[in-house]
Asks: 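Dropping the structure in here first, questions after.
Naming convention: chains lettered A, B, ... in sequence-line order (proteins, then strands); numbering from 1 in each chain. Note that the structure is a prediction, hence the values are computed from the model and not measured.
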Protein chains: 2
Amino acid sequence: MTERTITGTGSADVVRRPHRADARRNFDALLVAAREAFAQHGTGASLEDIARRAGVGIGTLYRNFPTRQDLFDAVYVDDVEGLRREAEKVAGLPPWEALVTWLRRFVGYVATKAAISEALNRESAMFRSCRDIMYGAGEPLFARAQEAGDARADISFDDVLRLVGGITGASFVDDEQRERVLGIALDGVRARPAGAV
Amino acid sequence: MTERTITGTGSADVVRRPHRADARRNFDALLVAAREAFAQHGTGASLEDIARRAGVGIGTLYRNFPTRQDLFDAVYVDDVEGLRREAEKVAGLPPWEALVTWLRRFVGYVATKAAISEALNRESAMFRSCRDIMYGAGEPLFARAQEAGDARADISFDDVLRLVGGITGASFVDDEQRERVLGIALDGVRARPAGAV
DNA sequence: GTTATTGTGGAGGCATACCTCCGCTATTGC
DNA sequence: GCAATAGCGGAGGTATGCCTCCACAATAAC
């Protein structure tokens, strides 16, 4: 009963968008509210609160998203899809710049921050599929940066993603500091000219 | 009513340890259970579950720690105290090694991981005091590494702490990966021989 | 051993979240 | 316009957590 269908092409049709106009409005409002709530309170955000924020009854929430997971997935898949699109956008940039730009998007973009690290580990068809998409998007950028001699050769893309994921989940005084700290981390990813211990 | 006494000498007497023998046993069992629960479920761990784990009634928990904050503080103060002691231990090492060793302890030691990032921001007398202790312990190590030319001069200790704090909160496949990722981050903190963009 | 006191633990009241169910309403197709 | 129907929303049952209160038990003092 835990299995769900994920479209192979990567489109986010995990749950069906309703046909009727009012239903579609509610569906969208729920997604917006859920994204906000998950970003604010993490995976455990109150579903009743989400329904309230969306201005719909709790019953409507459950009809559209029978389980918490269904709702979370819908938001999460959107985020991951967004990251995939971002990867395409930066494809034209020089290797290192492309990687850095994408990773910055990664930190800024993802609303489901609180669950990122969980998602990297979680064993479920859905999470695995999203992780694949994320890797499919980012790993080539990293490999290209490595081949160009810009990124260290002795680490994996998974390492980088978890490093940046950690920063995504951390808290900062302001955006400026977050950028600075991300910069420090990226310096660690960057290849050294010579070799220092 | 939110004010609490923190002993200036740094001992963790935020709440009084009881005098009677059985009471002391329960007190200690609660601390152990709470450390475990907070590490596992974050700040929001169920107090009733903690009492159960400790094998005491919920009433006993509340008598010793009237609020959730009191219980959390007791665990947190212990952790911070531990970090302070670690800082003294590494004082004899060379600058960079001392900093790195301490930061590694930071990642491994702290049981109240989930609240670290929150604690760095939270405005409360208790958190502020602990942050001061933490800074008092780590900042000199960082300053020394900067003066020795080992750590970058253009970043602050706060930046480093948040960077490492993020890694502390992230999840990893195994300890080896966490060490490796921390290594990447520390490379970013390290001063460069020349100057590369 | 006896008594005074300190501490115990869980029953129970309150709040909140989850989820189901069904009488009512809005939309759509004609 | 009108019927058919897809969708609505919240009442309410269940579970769980928070916290208080007090009859009872363990300990300490003598």
Asks: Go through the steps to decide whether A:R35 and A:L31 satisfy the test side chain to side chain contact (heavy atoms under 4.5 Å, CB included), and finish with yes or no.
Replies: CA-CA 6 Å; A:R35 164 166 283 111; A:L31 277 188; 5.6 Å; no

Asks: Among all residues two or more places apart in sequence or in another chain, which pass the salt bridge (charged side-chain N to carboxylate O under 4.0 Å, His left out) test with A:E179?
Replies: A:R104

Asks: State which residues pass side-chain hydrogen bond (donor to acceptor under 3.5 Å, both in side chains) with B:T101; sequence neighbours excluded, sorted by chain then number.
Replies: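 Expected list: none.
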
Asks: Compute the angle between the rotation axes at the two ends of the helix from C:dG1-D:dC30 to C:dC30-D:dG1, each taken over five pairs, rounded to 10 degrees.
Replies: 30°

Asks: Taking only the side-chain nitrogens and oxygens of A:N26, find out if one of them lies under 4.0 Å from OP1 or OP2 of D:dC8.
Replies: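 Answer is yes, contact under 4.0 Å.
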
Asks: Ion pair present between A:R162 and A:D158, side-chain N to carboxylate O less than 4.0 angstrom?
Replies: yes

Asks: Identify, with sequence neighbours excluded, every residue that meets side-chain hydrogen bond (donor to acceptor under 3.5 Å, both in side chains) alongside A:S46.
Replies: none

Asks: Mind listing the N/O atom pairs, protein and nucleotides 19-22 of chain D, below 3.5 Å?
Replies:
residue: D:dC19; atom: OP2; partner: B:Y62; partner atom: OH; Å: 2.9
residue: D:dC19; atom: N4; partner: B:E48; partner atom: OE2; Å: 3.0

Asks: With sequence neighbours excluded, what pairs up with A:A34 under the side-chain contact (heavy atoms from CB on, under 4.5 Å) test?
Replies: A:F38, A:I50, A:L71, A:V75

Asks: Suppose we screen for side-chain contact (heavy atoms from CB on, under 4.5 Å). Which residues come up paired with A:R85, at least two apart in sequence or across chains?
Replies: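 If we apply the side-chain contact (heavy atoms from CB on, under 4.5 Å) test to A:R85, skipping adjacent residues, the hits are A:E81, A:Y109.
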
Asks: Show every donor-acceptor pair shorter than 3.5 Å between a side-chain atom in residues 144-153 of chain A and any protein atom, with sequence neighbours excluded, or say none if there are none.
Replies:
residue: A:R144; atom: NH2; partner: A:A91; partner atom: O; Å: 3.4
residue: A:R144; atom: NH2; partner: A:L93; partner atom: O; Å: 3.1
residue: A:Q146; atom: NE2; partner: A:R152; partner atom: O; Å: 2.7
residue: A:Q146; atom: NE2; partner: A:I155; partner atom: O; Å: 3.2
residue: A:R152; atom: NE; partner: A:D154; partner atom: OD1; Å: 3.0
residue: A:R152; atom: NH1; partner: A:G188; partner atom: O; Å: 3.3
residue: A:R152; atom: NH1; partner: B:D187; partner atom: OD2; Å: 2.4
residue: A:R152; atom: NH2; partner: A:D154; partner atom: OD1; Å: 3.4
residue: A:R152; atom: NH2; partner: A:D154; partner atom: OD2; Å: 3.0

Asks: Can you list the residues that meet the side-chain contact (heavy atoms from CB on, under 4.5 Å) rule with A:R52, with sequence neighbours excluded?
Replies: A:E48, A:D49

Asks: Between B:G55 and A:A45, which residue's closest nucleotide on DNA chain C lies nearer the 5′ terminus?
Replies: B:G55

Asks: Are any of B:S46's side-chain N or O atoms less than 4.0 Å away from OP1 or OP2 of D:dT16?
Replies: no

Asks: Using chain B heavy atoms and a threshold of under 4.0 Å, write down where along DNA chain C the contacts begin and end, 5' to 3'.
Replies: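 First-to-last contact on DNA chain C, by the 4.0 Å heavy-atom rule, is C:dT6 to C:dA11.
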
Asks: When we call it a touch if two heavy atoms are under 4.0 Å apart, what does B:D49 touch: a base, just sugar-phosphate, or nothing?
Replies: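 The answer is nothing, as B:D49 stays clear of every strand by at least 4.0 Å.
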
Asks: Output a table of nitrogen or oxygen pairs between the protein and nucleotides 25-30 of chain D separated by less than 3.5 Å.
Replies:
residue: D:dA26; atom: N3; partner: B:R20; partner atom: NH1; Å: 3.3

Asks: Please report, rounded to the nearest Å, how far the P atom of D:dA11 is from the CZ atom of A:R52.
Replies: 13 Å

Asks: Would you call the rings of B:W102 and B:F106 parallel, tilted or perpendicular if under 30° counts as parallel and over 60° as perpendicular?
Replies: tilted

Asks: List the residues meeting side-chain contact (heavy atoms from CB on, under 4.5 Å) with B:A23, not counting sequence neighbours, and say none if there are none.
Replies: B:P18, B:R20

Asks: Mind checking whether A:F157 and A:Y135 have parallel, tilted or perpendicular rings, split at 30° and 60°?
Replies: perpendicular

Asks: Please report the closest heavy-atom contact between A:A137 and A:P140, naming both atoms and the distance.
Replies: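 Heavy atoms only, the tightest pair is O-CD, 3.7 Å.
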
